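Beneath this line is the structure, given in structure tokens, with notes to follow.
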Amino acid sequence: METIITRFPPSPTGYLHVGGARTALFNWLYARKKNGKFILRIEDTDNVRSTQASVDAIFEALDWLELDWDEGPYFQTRRFDVYREYLRRLLDSGDAYYCTCTPDEVEAMRRKAKAQGGKPKYDGRCRERGLPRSDNAVIRFKAPLVGTTVVEDVIKGNIVFQNTEQDDFVVCRSDGTPTYNFVVVVDDITMGINTVIRGDDHVMNTPKQILLYKALKAPLPVFGHVPMVLGKDKTRLSKRHGAMSVTAYRDMGYLPDAFINYLVRLGWSHGDQEFFTRQELVEKFNLENIGKSAGVFDPDKLTALNADHIRATPVGQLAPRALPFFKTMGYDATDDDYLAGVIGTLHTRSKTLVEMAEGAHFYYREDVRPYDEKAAKKFLKPETARVLTQLAEQLDALDNLAQKNQEAAFKKVMESTGLGFGKIAQPVRVALTGTTVSPGIFEVIEVLGKSRVLARLRAAVEFIESTGA
RNA sequence: GGUCCCAUCGUCUAGUGGUUUAGGACGCCGGCCUCUCACGCCGGUAACUCGGGUUCGAAUCCCGGUGGGAUCACCA
């Protein structure tokens, strides 16, 4: 069986956006699934818009998504000799010719054709003139005048184009640089690309490219055009809809596996399954189940999926990913047992790593005061001082803070005070965390450790005595 | 405007002529669990764009309308 070779060809004119990430992902998944090759090619022929910063941003994003490539990155600007060679072939076989019509003249032809109700296109004036190479001549492809060109799209099915719709498009500009459609075909041919999965917005280019493949006597690759990703208002995704940049999602605390899981499910399905590990995706991905219609990017669903992935990730693997966010919060955290304990109590209640870091606040503060105002007012009342004092004594007597021992300690306090568990737990929570919302109180006590717990309980008693009087 | 594509709950989707009172997920609304918040569990809300055919029978096939999108460069 032929080795599947796919590619991702971004142009470095900005960061990697959500839509681009998805086509990169589809190509990567398909190559991995088929044990094929995935090639990265940078389409940097637009001198004015291409920047090194964009190239770096794309690498950074692919790196975060963990989409690795087997060949490349190739840069089109370093391949002009290859393009020249193929241009020569087209000229030699008579499939291309020099044209000296000026842009203004061509524009006039288009206007005229349009005025007569036809399609705006170049009228083929220089087609049979046999013009020689000259300074301001462009090279045009000699497109067939009759017949049809059909795109056999694995996603959309056959798409038929009348060749009469096509005009003799420019393959080489007057300054000697080759144009997009030509360059793509030459690259795909020379790089052995046999599977082209790309955005919907390229379908209209495909018949032009097919004509080029045929003129160059090269075998056609399999084409698949994936539908666009839309924003909430069903228009093309843009900054208005929130973050476009892939790395922005990294910074918001999403896990790369959750992000690719979401992206792939936006347009592809495997029955009712929603949650996929990266490996499952590689195993189950296929082209047949990619949908035909555009999909709306839903941040809420991404977030829900992220929560699922966080929960499914073992604490040990989560720690290094969460650590940077803890640092950003200003915590003096390291990847140690304490961090593992902290994450253990937080990972079922954090939808993002940012949320997790925020939730870990009380674990990394010496003193949780000032308390949340409402919480203190409601739970740190004069009569609770002795409850906290008693609990501190009971806990102090323990040499192991395992949940079972803690329960016994709480039970003693409940008996001597006649209070229910709930009446004790909330004040304790406020004393230990500063707020009324936190992981289970036993977990918090165990992770915090005896010395922090005792210090915070005493601080709370102190607080009550200083304000209650 | 020409060409091309698309059309199932608000959103992502399952569904390829009968197994469907159209299933799952997110969201939303209830409830249970309970030391708070989550998690988990249970229940609810909500869809086949419209009109014609084909057929004993259409979400599923065909035609048309409508709506949305893509694209019409010496940009990629």
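Basis for what follows: all heavy atoms, side chains included, without hydrogens, waters or symmetry-related copies. What you see is a predicted model, and the numbers here were worked out from it, not measured in a lab. In what follows, every chain begins at residue 1, and chains take the letters A, B, ... in the order their sequences are listed.
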(Q) Please report the distance separating the P of B/G31 from the corresponding atom of B/C39, rounded so that it comes out in whole Å. (A) 16 Å
Q. What pairs of residues pass the ring pair (Phe, Tyr, Trp, His ring centres under 6.0 Å) test when at least one of them lies in residues 96-118 of chain A, not counting sequence neighbours?
A. none
**Q.** Distance between C1' atoms of B/G15 and B/C48 (Å, rounded)
**A.** 10 Å
Q. Testing A/Thr6, A/Thr206, A/Asn27 for side chain to side chain donor-acceptor pair (under 3.5 Å) with A/Arg198, which one passes?
A. A/Thr206
Q: Please determine if a side-chain N or O atom of A/Thr45 lies less than 4.0 Å away from the OP1 or OP2 oxygen of B/A76.
A: yes
Q: Provide the distance between the two P atoms, one in B/A22 and one in B/U60, to the nearest whole Å.
A: 14 Å
**Q.** Any pair counted as ring pair (Phe, Tyr, Trp, His ring centres under 6.0 Å), so long as it reaches residues 406-432 of chain A, sequence neighbours left out
**A.** A/Phe410-A/Phe421, A/Phe410-A/Phe442, A/Phe421-A/Phe442
Q. What does nucleotides 58-64 of chain B look like as a protein-contact string, B for base, S for sugar-phosphate only, - for none, at under 4.0 angstrom between heavy atoms?
A. -------
**Q.** Nucleic acid contacts - residues 383-391 of chain A versus RNA chain B, non-hydrogen atoms under 4.0 Å
**A.** none
Q) When you compare B/U11 with B/G17, how far apart are their C1' atoms, in angstrom units rounded to a whole number? A) 29 Å
Q. Taking only residues two or more places apart in sequence, or in another chain, which ones meet A/Ile155 in a side-chain contact (heavy atoms from CB on, under 4.5 Å)?
A. A/Asp153, A/Val226, A/Ile290
Q: Identify, with sequence neighbours excluded, every residue that meets side-chain contact (heavy atoms from CB on, under 4.5 Å) alongside A/Ser269.
A: A/Arg265
**Q.** Annotated protein contacts, base or backbone, on nucleotides 11-17 of chain B with a non-hydrogen cut-off under 4.0 Å, one of B, S, - each
**A.** SBSS---
Q | A/Ser174 (side chain) and B/C74 (base): donor-acceptor pair under 3.5 Å | A | yes
Q) What is the distance from CG of A/Asp46 to P of B/C74, rounded to the nearest Å? A) 15 Å
For nucleotides 32-35 of chain B, tabulate all protein N/O to nucleotide N/O atom pairs closer than 3.5 Å, reporting atom names and distance.
from  : atom 1 : to       : atom 2 : distance (Å)
B/C35 : O2'    : A/Arg429 : NH2    : 3.3
B/C35 : O2     : A/Arg429 : NH2    : 2.3
B/C35 : N3     : A/Ile441 : N      : 3.2

Q: State yes or no: are the ring centers of A/Tyr74 and A/Trp69 separated by less than 6.0 Å?
A: no
Q. Do you know the tightest heavy-atom contact between A/Gln317 and A/Thr313?
A. CB-CG2, 3.7 Å
Q. Are A/Arg369 and A/Phe463 in a cation-pi contact, defined as NZ or CZ under 6.0 Å from the six-membered ring centre and within 45° of the axis?
A. no
Q. In terms of the nearest nucleotide of RNA chain B, which residue is placed more toward the 5' end: A/Arg349 or A/Pro9?
A. A/Arg349
(Q) Judged by each residue's nearest nucleotide on RNA chain B, which is more toward the 5′ side, A/Val106 or A/Ile159? (A) A/Ile159
Q) For residues 339-362 of chain A, which residue pairs qualify under ring pair (Phe, Tyr, Trp, His ring centres under 6.0 Å), counting only residues two or more places apart or in two chains? A) none
Q. Of all the nucleotides listed (B/C37, B/C6, B/C39), which has the minimum atom distance to the side chain of A/Lys292?
A. B/C6
(Q) Please give the distance between the C1' atoms of B/G68 and B/A76 as a whole number of Å. (A) 25 Å
Q | Whole-Å P distance, B/C5 and B/G18 | A | 27 Å
Q: Between protein and nucleotides 42-51 of chain B, map the contacts as a letter string: B base, S sugar-phosphate only, - none, heavy atoms under 4.0 Å, written 5' to 3'.
A: ----------
Q. In whole Å, what separates the C1' atom of B/C28 from that of B/U66?
A. 31 Å
Q | Candidate list A/Lys121, A/Lys142, A/Arg127, test side chain to side chain donor-acceptor pair (under 3.5 Å), partner A/Asp168, passing option | A | A/Arg127
(Q) Distance to the ring centre below 6.0 angstrom and angle to the axis at most 45 degrees; does that hold for A/Lys301 and A/Tyr262? (A) no
Q.
Run the side-chain hydrogen bond (donor to acceptor under 3.5 Å, both in side chains) test against A/Asn405 and tell me which residues pass, sequence neighbours left out.
A. none
(Q) I'd like to check the side-chain contact (heavy atoms from CB on, under 4.5 Å) partners of A/Thr348; sequence neighbours left out, ordered by chain and number. (A) A/Arg311
